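The structure appears right after this line, and notes come after that.
Throughout, a chain's letter reflects where its sequence line sits, starting with A, and its residues are numbered from 1. All values derive from a computational prediction rather than experimental measurement.
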2 protein chains.
Amino acid sequence: MTSGKQASLTDVADLAGVSHMTVSRVVNKTGPVSAATRARVLAAVEKLSYRPNSAARALVTGKTGILGVVTLDSTLYGPASTLYGIEHAAREAGYSVTITSVGTPNTVAIAEAIETLRRQAVEGIVVIAPHAAASKSLEVVPHDIPLVAVGGGQQAPVPMIAVDQSDGARRATEHLLALGHKTVWHVAGPVDWLEAQDREAAWRQTLKRHRVRAPRIIRGDWSSRSGYAAGQVLAREKDLTAVFVANDQMALGLLRAFTEAGIGVPKDVHVVGFDDVPEAAYFSPPLTTVRQDFIEVGRRTFRQLAEQIAGREPAARDLVAAELIVRESTGPR
Amino acid sequence: MTSGKQASLTDVADLAGVSHMTVSRVVNKTGPVSAATRARVLAAVEKLSYRPNSAARALVTGKTGILGVVTLDSTLYGPASTLYGIEHAAREAGYSVTITSVGTPNTVAIAEAIETLRRQAVEGIVVIAPHAAASKSLEVVPHDIPLVAVGGGQQAPVPMIAVDQSDGARRATEHLLALGHKTVWHVAGPVDWLEAQDREAAWRQTLKRHRVRAPRIIRGDWSSRSGYAAGQVLAREKDLTAVFVANDQMALGLLRAFTEAGIGVPKDVHVVGFDDVPEAAYFSPPLTTVRQDFIEVGRRTFRQLAEQIAGREPAARDLVAAELIVRESTGPR
DNA sequence: AGGGCCAGTGTTCGCGGTAACAACCTCCCG
DNA sequence: CGGGAGGTTGTTACCGCGAACACTGGCCCT
């Protein structure tokens, strides 16, 4: 019974004894069709297990119903969550999502990824690459296709959605200051990551506003390993009482280093992270951190893209508020 | 200069003063074209920034160059890593990947996801859903499209690639037994996850082979929270000295519970996890665990699919070996 | 009674490519 | 010097679908 080829509109039409146009009307619910005819057509569709040919449809309508996402091929919590947020919103609206990952977010790789997606005739592109180089490459990208950046930094050259990094970092820093600390140290993310820059800048500014001197910065690369190294360095600082770490993974490494160095958290030092990964509540000790609603980011990203596809020119920036989650790492001593 | 529409083969042909067929030959490097003509065509292509229309091509060739992946919309380390492994291998071979995520892997959701992908005219489908229900739904899926399951359990109804769960669980259990423990407790994953079943079965079998009685099982849901709960339960067991936890996230929660209960790891109890998430080396204490090479899984998955697309009937199962990574959680007391 | 109007249906055309074949030109050979 | 070979180019026929328009018949209105 597997007759080799997929059934076409015409096949269905022949079986139902109507023209292919009538079948098209039934399938797409466009134009009037009598109940009797519709039933016959539907039966034929069922019998042949007809599936519309997306290529043919795309060819004639000029719309593929596909969105492209450029993402890092990492399993970093943020990008992965955002991807699923976008995919979910897109699917609900009848779009499908194809991904192209880049190992390292340099200008060339991003440009290639975008070109790859364009060859797929995607209707719009999301770039999840909160990275300076990525942002740079967006400047030179042709602007003849709907495009949205996720986490593109303060002055992205294209419309952008992101969690408000400054807001989050400010909350974290002020939380620590409110606990009475003289100052707050910072373990930053990689310089070339915009989110790292934003968090660092907000931390610095918050200290300044409170007339507190900023200690020197320790820099990591988001990994637990680098957080561990940072922790070893900080463990040698005499008057260290509070640390704001730019993400949870690094905070984990830092906690480990502190444990090994005999530094108690929260007894001797208070620590705040960023991201609120699902595991953060079970670190030792449970980590105070800044939660980012990536699902919401994904949703708004899709909405933004949909607006552009519809030909409207939506707001250039959209920030999602961050939320401080207080746990034991900044608890009573 | 943005002339509204994308240039077509004919536009290029007109500009270069040749027929559209010649342009096609140049673009696809099929058939002979004189050097002079090729140069003229290429110049025209460049000038108009011509991009082949994938829909038109797909319509006539019947090939879309798209692969579909059904995945969980979770940020679980395993599925996410596998996805990127597949995407990478696929892109190298000129395929692009579209994803469809399912919140919970029940039969209906999987079937819908597959149908959604088929409407996209994907050339092959990967189902990353190491779940009993997913496996079930694969039994009833039409077999007229190349399909591969990742982590589909021992008797998947379709070709399957996976890390050898039994092998990994056996290594973990034997490692603990070799350290002299009377027995090994097990915190298992959800019953309806095939990997959880495999790990549990291998643990039980290994104990049996060593003529050791298996303690009762504690069951979690992969989350740190459930691992924490399991840890609280186990903390009340008198003769507990060794625990094999079915994944690293749960192991983290368990470590936390043990810490709160005053149980030392590795001093009082030895703990082994599964997955080797990047953070595992920085747990307190660093976690002995079983590493799974998801990139390799992704690579082989794509290869499998490519074979099927090429019309060959490849091996039904392909297992990737697991590796035991020994760290402090099973270290000297 | 004649003329819209409209629901229901069919016909034609073309989207942008590739496959298949035809046509032309050169060159070389007997 | 005729003819076949082969390299180079063009022509034509679809692929499956939807847009646009044409057609049919009944019904209502004047």
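For A:Arg25 against C:dG10, a side-chain-to-base donor-acceptor contact under 3.5 Å is present. Below the 3.5 angstrom threshold, one finds no donor paired with an acceptor across the side chain of A:His20 and the base of C:dT9.
Heavy atoms only, all atoms of each residue included: B:Val102 and B:Ala109 are closest at CG1-O, 3.8 Å. Shown here for A:Arg40 and A:Val18, the closest heavy-atom pair between the two residues is NH2-CG1, 3.6 Å.
Using a 4.0 Å cut-off between a side-chain N of Lys or Arg and a carboxylate O of Asp or Glu, B:Arg300 and B:Glu296 qualify as a salt bridge. No salt bridge links B:Glu115 with B:Arg118; every basic N to acidic carboxylate O contact stays at or beyond 4.0 Å.
Taking the six-membered ring for Trp, A:Phe294 and A:Tyr84 have ring centres at least 6.0 Å apart.
Using a 4.0 Å heavy-atom criterion, one finds that A:Thr37 contacts the sugar-phosphate atoms exclusively. Heavy atoms of A:Val33 sit under 4.0 angstrom from primed sugar atoms or phosphate atoms, though from no base atom.
In this model, the phosphate group of C:dT18 is approached by a side-chain N or O of B:Asn28 to a distance below 4.0 Å at OP1 or OP2. A:Ser34 has no side-chain polar atom (N or O) that falls below the 4.0 Å cut-off from OP1 or OP2 of C:dA7.
You'll find the side chain of B:Ile295 stays beyond 4.5 Å of the side chain of B:Val297, heavy atoms only.
None of A:Val69, A:Ile66, A:Val126, A:Val70 except one satisfies the side-chain contact (heavy atoms from CB on, under 4.5 Å) rule with A:Leu117; the exception is A:Val70.
Atom CG in A:Leu9 sits about 13 Å away from atom P in C:dG10, given to the nearest Å. Taking atom CG of residue A:Leu59 and atom P of nucleotide C:dT18, one finds them 12 Å apart after rounding to whole Å. The distance from atom CG of B:Asp11 to atom P of C:dG14 is 16 Å, rounded to the nearest whole Å. The interatomic distance linking B:Gln6 (CD) with C:dG16 (P) rounds to 10 Å, in whole Å.
Sequence order on DNA chain D of the closest nucleotides to B:Arg38 and A:Arg51 puts B:Arg38 first from the 5' end.
Distances were taken from every side-chain heavy atom of A:Met21 (C-beta onward) to each of C:dT11, C:dT9, C:dT18; the shortest belongs to C:dT11.
With a heavy-atom cut-off of 4.0 Å to chain B, the contacted part of DNA chain D has its first and last nucleotide at D:dT8 to D:dG16.
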